[in-house]
Amino acid sequence: MYLTTFSTFFCMLKTDLYKYYKKTFVDDIINKTTWISCVLIISTYIWPKVGMSEGFGVFMALGTLVSCSFWDSWGVSAQFVSDLEGSREIDYYLTLPISSRLFFIKQIVFYSLRSMVPTVLMMPLCKLILGHRLDFGQVHVGQFAVIFVMTNIFCATLSLLMTSLVKNMSSIDNVSIRFLFPMWFFGGSQFSWMTFYAVSPCFAYFNLCNPLLYAMEAMHVAFLGQSGYLPFWFCILMLVLFSLVFGLIGTRRLVRHLDCVKN
């Protein structure tokens, strides 16, 4: 029984990854390369000419490593909702010898893995554009590995939560604009929490409810050191908690929405 279940789990995961790398991977790399190149060229060579810090390009580069996975969560949510309204391939998957909850765990693993490789491939691009400004020799490898994996798991659970909140494709923009964009703009991609605190302590404390903030802060700590950022392991703890909550709520809502009869 368990052997059949896990065999099905890994076969489904393998199939999803194969379809991604065959049909979507190249376009994904091109899209991320275009976006990151524009962001880093402007933030590194243009904005300092109008008064921004010389180190702002590095700060933005580290934020894009998190943002790649974050915005992927929107894309896979849209694909999931599109399937629910269209061909409904998920109906076939749910007839296989695997519980509905384990199926959604498979989705989390798949979403995490599909975001990791393109994001890693963006690191040489960041180095190419930033040059000596980005020193990989200063990176705390252990911390980077932890926050990199944790960021992708969090974004995967976020995608499940978003999918469960979207009623149909016509309303998916409502979730992205009302939920994702505020989370990203206040999530520390362009400023640290300490900077926000210096401007408005009250709103800075309120912003601690934003889970993306912890991914951004921890990523900056791994590359730039602890000074000026929230404690690294506190950020990891908060990401674990948010991932558990989002994953449980998203899975429960989707199971109910799909009328899954299997446990």
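Annotation: Phe136, atom CZ; neighbour count of heavy atoms from other residues, nucleotides and ligands within 6.0 Å is above 12. Within a 6.0 Å radius of CZ in Phe181, other residues, nucleotides and ligands contribute more than 12 heavy atoms. Counted within 6.0 Å of CZ on Phe203, heavy atoms from surrounding residues, nucleotides or ligands total 12 or fewer; the atom is thus considered open. Within 6.0 Å of atom CZ in Phe110, more than 12 heavy atoms from other residues, nucleotides or ligands are found, so the atom counts as buried in its surroundings.
Within the 4.5 Å cutoff, no side-chain heavy atoms of Asn207 are placed close to those of Tyr197. Side-chain contact between Ser189 and Trp184 is present, with at least one heavy-atom pair separated by less than 4.5 Å. At a threshold of 4.5 Å between non-hydrogen side-chain atoms, the residues Leu125 and Met122 count as touching.
Closest approach of Thr157 to Phe154, counting heavy atoms only: OG1-O, 2.7 Å. Smallest separation of non-hydrogen atoms from Thr64 and Cys126: OG1-SG, 4.3 Å. Listed here is the closest heavy atom pair of Lys32 and Cys68: CE-CB, 3.8 Å. What you find for Asn210 and Leu212 is that their closest heavy atoms are OD1-N, 3.1 Å. Annotation for Tyr20 and Pro118: closest pair OH-CG, 3.2 Å, computed over non-hydrogen atoms. When every heavy atom of Ala218 is checked against every heavy atom of Ile147, the shortest pair comes out as CB-CD1, 3.5 Å.
Once rounded to the nearest 0.5 Å, the distance linking CE of Met60 with OG of Ser43 reads 5.0 Å. Rounded to the nearest 0.5 Å, atoms CD (Glu54) and NZ (Lys49) are 7.0 Å apart. How far SG of Cys155 is from CH2 of Trp74: 14.5 Å, rounded to the nearest 0.5 Å. Rounding to the nearest 0.5 Å gives a distance of 11.5 Å between OG1 of Thr24 and CD1 of Ile29. Taking CD of Gln190 as the reference point, atom OG1 of Thr195 lies at 12.0 Å (rounded to 0.5 Å). A distance of 8.5 Å separates CH2 in Trp35 from CH2 in Trp71, rounded to the nearest 0.5 Å.
Checked against a 6.0 Å centroid threshold, the rings of Phe103 and Phe9 do not count as neighbours. If you look at Tyr205 and Trp193, their ring centroids are closer than 6.0 Å.
Taking 4.0 Å as the cut-off between side-chain N and carboxylate O, Arg114 and Asp16 do not count as a salt-bridged pair. Ion pair Asp28/Lys23 not flagged as a salt bridge, since none of the NZ, NE, NH1 or NH2 atoms sits closer than 4.0 Å to an Asp/Glu carboxylate oxygen.
Of the possible donor and acceptor atoms, none in the side chain of Lys106 sits under 3.5 Å from a partner among the backbone N and O of Phe10. Side-chain atoms of Gln226 come within 3.5 Å of backbone atoms of Phe232 as a donor-acceptor pair (strictly under, hydrogens ignored). The main-chain N or O of Ile41 is never found under 3.5 Å from a side-chain atom of Thr44 such that the two would form a donor-acceptor pair. A distance-only check finds a donor-acceptor pair linking the side chain of Ser164 to the backbone of Leu161 [under 3.5 Å]. Remark: the backbone N or O of Val58 is not paired with any side-chain donor or acceptor of Arg133 at under 3.5 angstrom.
Using cut-offs of 30° and 60° on the angle between ring planes, the pair His220 and Tyr229 is parallel. Using the six-membered ring where Trp is involved, Phe56 and Phe59 have ring planes that are parallel, under 30° apart on the 30 and 60° scheme.
Cluster membership for Ile36 and Leu128, using ILVMFWY side-chain heavy atoms within less than 4.5 angstrom, is not shared. Taking hydrophobic clusters as Ile, Leu, Val, Met, Phe, Trp and Tyr residues chained together by side-chain heavy-atom distances below 4.5 Å, Phe206 does not share a cluster with Leu230. With hydrophobic clusters built from ILVMFWY side chains whose heavy atoms lie under 4.5 angstrom apart, Ile177 shares a cluster with Met183.
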Could you go step by step and tell me if Phe148 and Asn152 meet the side-chain contact (heavy atoms from CB on, under 4.5 Å) rule? CA-CA 6 Å; Phe148 181 70; Asn152 282 279; 3.8 Å; yes

List the steps, then state whether side-chain contact (heavy atoms from CB on, under 4.5 Å) holds for Tyr45 with Leu40. CA-CA 8 Å; Tyr45 300 102; Leu40 296 190; over 6 Å; no

Please assess Phe223 against Gln138 for the test side-chain contact (heavy atoms from CB on, under 4.5 Å), listing each intermediate value before the final yes or no. CA-CA 6 Å; Phe223 278 80; Gln138 296 181 349; over 6 Å; no

Check step by step if side-chain contact (heavy atoms from CB on, under 4.5 Å) holds for Thr151 and Phe70. CA-CA 8 Å; Thr151 293; Phe70 178 73; over 6 Å; no

Step by step, work out the side-chain hydrogen bond (donor to acceptor under 3.5 Å, both in side chains) result for Thr163 and Ser77. CA-CA 5 Å; Thr163 303; Ser77 281; 3.2 Å; yes

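Of the candidates Ser112, Ser115, Ser67, Ser115 is the only one forming a side chain to side chain donor-acceptor pair (under 3.5 Å) with Asp72.
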Which donor-acceptor pairs under 3.5 Å do the side chains of residues 233-251 make with protein atoms, sequence neighbours left out?
{"from": "Ser243", "atom 1": "OG", "to": "Leu239", "atom 2": "O", "distance (Å)": "2.7"}
{"from": "Thr251", "atom 1": "OG1", "to": "Gly247", "atom 2": "O", "distance (Å)": "2.8"}

